[in-house]
Amino acid sequence: MSEQLAPAEAGGDHAMVEVRGLKTYYDEGALRGDPVKAVDGVDFTIEKGETLGLVGESGCGKTTLGRTLVQLERATDGDILFDGEDITEYGSAEIKEWRKNAQIVFQDPESSLNDRMTVGEIVREPLDVHDWPALSVEVRGADDATIAGDGTVPDADSDRTSDITVDPRATGEPVTVRDRLPFSAADVEVDIDRDGDRVTRVTVEVIPSKHRLRQQHVRNLLAEVGLQEEHYFRYPHQFSGGQRQRVGIARALALEPEFVVLDEPVSALDVSVQAQILNLLEDLQEEFGLTYLFIAHDLSVVRHICDRVAVMYLGNIMELGDTEELFGDPANPYTTSLLSAIPEPVPGQQQERLTLRGTPPSPRDPPTGCPFSTRCPVKIRPPEYRDLDPDVWEGIDLLAEIIRQRQQTDRSIREIVKETLGLERQFAEVDDVVIELFGFLAEDRPPERPAEDHADAVIAAVPDPVRPPLETIVDHLRADDLEAALDVLHAEFGSVCDDEFPAEYPVSDSGRRSLCHRHQDEYRDPEDVFETITHR
Amino acid sequence: MPDDDPPLLAVEDLHTTFYTDKEDIHAVQNVSFDIEAGETVGIVGESGSGKSVTARSIMGLIESPGRIQPGSSIRFKGEELTGKSEKEYRKIRGSGIAMIFQDPLTSLNPVYTVGNQIKEALRLHQGLRGKEATEAGIEVLEAVSIPDPRRRMREYPHQFSGGMRQRAIIAMALACDPDLLICDEPTTALDVTIQAQILELLEEIQEERGLSIMFITHDMGVMAQIADRVNVMYAGEIVEKAAVEDLYNSPRHPYTQGLLESIPGRNVGKERLSTIEGDVPTPNAVATSCQFAPRCPEAFEACDRIHPSMVEAEGYGRDHTAACLLYPEDLSEADRIDHHRERETPVEEREPTEDPR
């Protein structure tokens, strides 16, 4: 294709999809307070013909991002350029037309197929909805000729091959039909009107009815995804999970899209069937030049099928780059942690597991600084605490986490009334928490000693730079002032990770990028710090 | 341990059938395995292979239209469990064997606090009440590394995240102080980072308490990390059993081989994944031939008429067996066929004598 010879800029002619500053929020403007920031400002491109993987834990926004790309959700902010055109500006009629080009395959083949329709009807439905086929006719040597009959004028912007090509100058058969269509040149009648030498009007009649064409097209699709002709009249419940997913894929491909979002397409399938579907997706991509966004939580599947991978956490892309690079030498602390959690299917061969504490924060109330800061094992510490006993540092981290969770949990009306009346404190068990977190520093608690006294003994055993601020924090907590306690925690133990959203840094020659403060020259690389953690 | 000591759990010829209106599903057939004290035995297989039904049979949770066939035996600490009444079973379920399920939300009651539910378990199985139960409850929550356990005792299941809920379920199981913990896909609904936390927790608990674990999963990665010995199930039968390293390093049954070759995690950099063609069959009749034969790349004519029995597959006297006509490897094909045919139980004997309907 001649267009591809043009110089490739970032997001230039090779880009199928270009996403800029995309945000998708839920529950906005309602009385519910902050919106859920499912996708919170992401930028990336998907090149033509490539497979971009999107991985992350549940709730990280990967599915919302995929659904926004095919406009099943409306973006709150940002642009989605599809072949250079911003689709977020489209009205509903334009969206409908555009959707022929961008389809989605859902995770659960059980619930995404209508059980009351036969497989043939299911795959045929998009063809009926879009009144397929709209046959584009190209007349060689006469671009301005009027097209009549079953034909339409091809879209000038499209680089697709026209469905029917008529060559009035040809000596033999003047008509050629594109390969994937369910009829041949013999099924087409062409009538050419001329004004002298000039072709003025070409009338194209396709002999089989639209009904027949659609039926045949569905049959071809079923064959392409590895189903049998006789499956046409069966119902989804008569199929296994793998076969149902094949039906879902056939339906997504019915309108010959260029871009397909695959939302966990193999997660619900058995291992032996999973491999069949992965191979099928690869074959189809090669045959039809498809571009994929592959969403999955199974990282080994992503490693197998994707050219590049984006790692999402709490609505942000933490790292994006070449698959083998990213898996072999992850740059972002979140990627490293995520990869180390995959159980290796080889006994005794588990790499050092970096078990992350806790769960991701609520996307309604993400951390102010780095999204990963509340769980990051290599978070930057203030200089005076860099060599602190890791267990003490973990205690401080956990204390902050517990206070935050206490603030967030909704309390029963009874509890709130008791607190307001001063009958009960919101944080009544501060002494237990201190003992739980730092108890290892002091001697065992004598059975008769009250919790408050033992907590004091524990605090007294905390090493020096930490003890004074910890005393202040515990005083605030005993006075039930969670806000003040958090302020002291933040002022004393916080760092750039808590305060500033990290910039994106290039981390390899191939253009891989990562979102982490540690890529700045003044801090040690995440990798370097991980080394010291895992070998301590 | 002397050899004549019975294993903690001994399952022998377990056969569980579901009599549905349409057909009889022989979900588990001729399943035999042991679990020794302190070890983790895995059962791996695809959906419909009978792993969960095996677990539920052991727990006495098979309800109509399902039935454990006569001739099946499940012995726990030497005591036969099949045929026990619901009342007798309840005692065993709480204190001897505990089970955790895939979806933690369905195992917790949404209208009671987590603390209430743990205390209930402690009251039933250890007779603890009031403050004593509260303290013991906090202790088990601490044992499963739930931070701030005192607060958590007063919270409801919906206030817990998925990983925390699974921890709470494990805490409830531990509250019964069991000898055997059956885990049915306990991490399947969880994210990998949370899965790693739970696997680590189970390992810790096992080390501390000397528990035996029966671990069911379809994930070959998880299995490799947690199990000491593995049973591979296919269409209701065990087709291969071995120590975990032996199974992964030299799988013998063509099904196990195919399974391991089809997972991307073991085949990094491979252009194309190997597949097992076809789908997992539904075991709607007592097997009279190899169930895997229709999908097996190495099947030969005899596979369709002889039901293979578990035979030595490694050849070194190690505890590695497979139900496949390709073994024992040192015999000729004709001898192997005879070997399996001799050991074949006549179908009439395995077929249930009466239909309970």
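Here is how names work: the chains are called A, B, and so on, in the same order as the sequence lines, proteins then strands, and each is numbered from 1. Fair warning: this is a prediction, and the values are worked out from it, not measured in the lab.
Both the backbone and the side chain of B:Q197 come within less than 4.5 Å of a heavy atom of chain A. For B:S145, no part sits under 4.5 Å from any heavy atom of chain A, backbone or side chain. With a 4.5 angstrom heavy-atom cutoff, B:V192 touches chain A via backbone and side-chain atoms both. Residue A:I305: no heavy atom, backbone or side chain, is found under 4.5 Å from chain B. Heavy atoms closer than 4.5 Å to chain B are found in both the backbone and the side chain of A:E57. Looking at B:I146, the atoms closer than 4.5 Å to chain A (heavy atoms on both sides) all sit in the backbone: N, CA, C or O. Within the 4.5 angstrom heavy-atom criterion, atoms from both the backbone and the side chain of B:S47 approach chain A. Interface remark: B:E261 contributes no atoms to any contact with chain A (heavy atom separation under 4.5 Å).
A salt bridge links B:R272 with A:D283: the closest approach of a Lys/Arg side-chain nitrogen to an acidic carboxylate oxygen falls below 4.0 angstrom.
With chain B as the partner, the residue from A:R303, A:Q274, A:H304 showing the most heavy-atom pairs under 4.5 Å is A:H304. Of the listed residues (B:L260, B:V244, B:L247), the greatest number of heavy-atom pairs within a distance under 4.5 Å of chain A belongs to B:V244. For the options B:N249, B:T193, B:V268, heavy-atom pairs under 4.5 Å to chain A are most numerous at B:T193. Residue with the most contacts toward chain B among A:S300, A:S272, A:S337: A:S272 (heavy-atom pairs, distance under 4.5 Å). Of the listed residues (A:E401, A:R375, A:E324), the one with the most heavy-atom contacts under 4.5 Å to chain B is A:R375.
Applying the 6.0 Å contact sphere to OH of B:Y112 captures no more than 12 heavy atoms from other residues, nucleotides or ligands.
Residues A:E436 and B:P149 meet the side-chain proximity criterion, which asks for heavy atoms closer than 4.5 Å.
Pairing each heavy atom of A:N279 with each of B:L273, the nearest pair is ND2-O, 2.8 Å. Considering all non-hydrogen atoms of both residues, A:P345 and B:G265 come closest at CG-C, 3.8 Å. Taking both residues in full, the closest heavy atoms of B:S274 and A:A275 are given as O-CB, 3.5 Å, listed atom of the first, atom of the second, then distance.
For the atom pair CD1 (A:I342) and CG (B:D219), the distance works out to 10.5 Å, reported to the nearest 0.5 Å. Within the model, atoms CD1 of A:I403 and CG of B:D148 stand 10.0 Å from one another, a figure rounded to the nearest 0.5 Å. One distance of note links CD1 of B:I194 with CG of A:L356; it measures 8.0 Å at 0.5 Å rounding. For the atom pair CZ of A:F239 and CG of B:D279, the computed distance is 10.5 Å after rounding to the nearest 0.5 Å.
B:D191 contributes a side-chain N or O that, together with a main-chain N or O of A:S58, makes up a donor-acceptor pair within less than 3.5 Å. Using modelled atom types, no side-chain atom of A:D270 and backbone atom of B:V280 make a donor-acceptor pair closer than 3.5 Å. For B:Q225 (side chain) and A:E344 (main-chain N/O), a donor-acceptor pair under 3.5 Å exists by modelled atom type.
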